[in-house]
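Here's the structure we're looking at; comments come further down.
Every heavy atom of this structure was used, including side-chain atoms; hydrogens, water molecules and symmetry mates were not.
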Amino acid sequence: MSNTLCSFAFAHTDIEPNGDIKFCCAVRAGANRDPNGNVYNVTTHTLKEAWNSEILKQTRMEMIQGKRPEVCDYCWKLETSDNTQGTSVRLQAAEKRIPISSISDRIEYAKSHNGELKDLAFDFQLSIGNLCNLACKMCSPGFSTQYQKFFSKFHNSPQEINFVKIPPLNDGVHFEFPFGTNFDWPVTQSLTEIFKDHIPTLKRIFFTGGEPTLIPQVLEFIDHLSVDAPEDFTVWPSTNCTNINKRMLESLSQFNEIWLNLSLDGMDDIAYIQRTPSKWENIEKNVDQLMNWARDQETIGKKIQIVVITTITSLNFHHVLDFWEYLENRYGNITHYGISANVVLPEKTNLGIEAVPVGVIKELRNKCIQLLEKSNESTCVVLKQYLHLLDTVNFAQDSEQIHFCLEQVQKYHPELDIKKIYNVYYPDQLTTDSTTV
């Protein structure tokens, strides 16, 4: 089979916080349009209508022919030249979520029907609007209401936040959303109605956000799925671990297979800076609670999978190895626990890891190799992804870019000593000795 195939194009649908219907979260925004040029959206289209769009049929055929569709360039940039290794969504989907071999019948059908499929998507990513209680630095108004509240104190528009610039697409369409954007369609519309054509054959829904645990209608929909979805359906929420509540755990406990993504990027000050205003001590307690709950569920025969998803940026690139080592020491003996990573692309944003100066890379490489020698299989997977980044990213030759980024962070956090927290990037900075002579 072609090594440019992506299982998502044949089995998956993504719904964005604004309701746009895509065939992958990494596909270019606005690419999936109806014959009238309108972006497919749950407020104006059905999921079924979007499933055999012209661009999706074209994408399937290009993949079958061994080509790399342009709308999927996010993944190609994160893979090796032969498309066999890297940290892309495409490779992770085929390895962990929907193996290509499991959908060979769909691929063959599409091949003989010009990219069209008769069977609907069975795997979903559902972003339930943009209600969120954190202002993550790598986020945007379209994904977080708290991001809007935090940064509107400093700026009039998100375009002024100069370490998070989302460039226009090649077709000139700009998809940044202004402050004051409120995507509440999961509240005003019935999720059960939106998914009505798919519920009988559903295998999995990944609930992300925003923050899914904040919306009662999401939990009500999960309760509905526990009754009407197939018995082997997997419920899969993502959470920033600030709001682990009894109601959520009760809803999840109704299913036989439960996956959980924990969005965690670091500890202490690094956690607070990247995911403001999270408090690490509270998150740590919540994660412990989740792990204990998962153990209890496993004792009664439930299938549990918990994965910590770390978003790697220039703000935590030097820190994640220590963070992953901490996680393994605390949870590494738990059978349902693992680690994965997302990466802010190393271009067009000062949060990109290419801002990290090359002078720190040797030390990070040595530490990564040391951890690889002693870590368990799950941790080694993410360590190898990190090592791939060390080998392939064109890191900065000096500290100018990382200093610029951290200067912006200091403006947003006058209560913190950013140079002290990020002393690894200020080797020539004299430390202040508070001892008086």
- request: Any chance you could lay out the side chain to side chain donor-acceptor pair (under 3.5 Å) test for Tyr331 and Asp288, step after step, and finish with the verdict?
  value: CA-CA 9 Å; Tyr331 307 116; Asp288 286 345; 2.6 Å; yes

task: Start with the C-alpha distance between Lys203 and Thr234, add both sets of side-chain angles, then the distance that settles side chain to side chain donor-acceptor pair (under 3.5 Å), and finish with yes or no.
output: CA-CA 6 Å; Lys203 291 188 178 180; Thr234 300; over 6 Å; no

message: Pair Asn83, Thr4 - check side chain to side chain donor-acceptor pair (under 3.5 Å), show working.
response: CA-CA 7 Å; Asn83 305 120; Thr4 60; over 6 Å; no

message: With side chain to side chain donor-acceptor pair (under 3.5 Å) as the criterion, how do Asn376 and Asn333 come out once you've worked through the C-alpha distance, each side chain's angles and the decisive distance to 0.1 Å?
response: CA-CA 9 Å; Asn376 63 28; Asn333 62 343; over 6 Å; no

field: Audit row: Leu260, Leu290, side-chain contact (heavy atoms from CB on, under 4.5 Å) steps and yes/no
entry: CA-CA 9 Å; Leu260 280 162; Leu290 268 178; 3.9 Å; yes

- request: Kindly indicate, with the supporting measurements, whether the criterion ring-ring contact (aromatic ring centres under 6.0 Å, His included) is fulfilled by Phe151 and Phe179.
  value: CA-CA 9 Å; Phe151 284 109; Phe179 293 145; 7.7 Å; no

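What you find for Ser375 and Glu328 is that their closest heavy atoms are CA-OE2, 3.2 Å. Annotation for Asn243 and Asn286: closest pair N-ND2, 4.2 Å, computed over non-hydrogen atoms. Among all heavy-atom pairs drawn from Ser278 and Tyr272, the shortest one is O-CD1, 3.4 Å. For the pair Pro69 and Trp76, the tightest heavy-atom approach, listed with the atom from each and the gap, is O-NE1, 2.9 Å. Considering all non-hydrogen atoms of both residues, Gly142 and Pro17 come closest at O-CB, 3.2 Å. Across all their heavy atoms, Pro200 and Pro230 have their closest contact at O-CG, 3.2 Å.
A salt bridge links Arg97 with Asp123: the distance from a Lys NZ or Arg NE/NH1/NH2 to an Asp or Glu carboxylate oxygen falls below 4.0 Å. Salt bridge annotation for Arg60-Glu116: absent, with no cationic side-chain nitrogen under 4.0 angstrom from a carboxylate oxygen. Ion pair Glu284/Arg330 flagged as a salt bridge, since at least one NZ, NE, NH1 or NH2 atom sits closer than 4.0 Å to an Asp/Glu carboxylate oxygen. Under a 4.0 Å N-O distance rule, the pair Glu250/Arg247 does not qualify as a salt bridge. For Arg295 and Glu298, the salt-bridge test fails: no basic side-chain N is under 4.0 Å from an acidic carboxylate O. The pair Glu325-Lys367 counts as a salt bridge, with a side-chain nitrogen and a carboxylate oxygen less than 4.0 angstrom apart.
Between the side chain of Asn3 and the main chain of Asp82, a donor-acceptor pair closer than 3.5 Å is present. With Lys302 contributing its side chain and Ser253 its backbone, the two residues share a donor-acceptor pair below 3.5 Å. A donor-acceptor pair under 3.5 Å is absent between the side-chain atoms of Asn316 and the main chain of His319, judged by distance alone. With hydrogens and angles disregarded, no donor-acceptor distance shorter than 3.5 Å links the side chain of Gln92 to the backbone of Val89. With hydrogens and angles ignored, the 3.5 Å screen pairs no side-chain donor or acceptor of Ser127 with any backbone N or O of Thr208. The closest donor-acceptor contact from the side chain of Thr59 to the backbone of Val71 lies at 3.5 Å or more, if one exists at all. The backbone N or O of Asn282 lies less than 3.5 Å from no partner atom in the side chain of Lys279, so there is not a single donor-acceptor pair. Formation of a donor-acceptor pair under 3.5 Å by the Asn130 side chain with backbone atoms of Gly210 is not found in this model. Within the 3.5 Å criterion, the main-chain N or O of Gln146 finds no donor-acceptor partner in the side chain of Asn133. Of the possible donor and acceptor atoms, none in the side chain of Asn36 sits under 3.5 Å from a partner among the backbone N and O of Asn38.
The one candidate from Phe233, Trp51, Phe122, Phe124 that meets the ring pair (Phe, Tyr, Trp, His ring centres under 6.0 Å) condition with His198 is Phe124. Of the options His388, Gln85, Arg68, Arg90, a side chain to side chain donor-acceptor pair (under 3.5 Å) to Glu79 is made by Arg90 and by none of the others.
Within a 6.0 Å radius of CD in Glu281, more than 12 heavy atoms belonging to other residues, nucleotides or ligands are found.
Put simply, the side chain of Ile98 reaches to within 4.5 Å of the side chain of Ile103, judged on heavy atoms. At least one side-chain heavy atom of Ile64 sits under 4.5 Å from a side-chain heavy atom of Leu5. Taking the side chain as every heavy atom from C-beta outward, Tyr326 and Asp322 never approach each other to under 4.5 Å. A 4.5 Å side-chain heavy-atom check between Asn394 and Glu354 finds every atom pair outside the cut-off.
For Phe183 and Phe177, the ring centers sit closer than 6.0 Å to each other.
Ring-plane geometry between Tyr422 and His318 is classed as tilted, the angle between the planes lying from 30 to 60 degrees on a 0 to 90 degree scale. Relative ring orientation between Phe395 and Phe317 is described as tilted, the plane-to-plane angle lying within the 30° to 60° band.
Residue Ile258 holds its CD1 atom at 3.5 Å from CD1 of Ile304, rounded to the nearest 0.5 Å.
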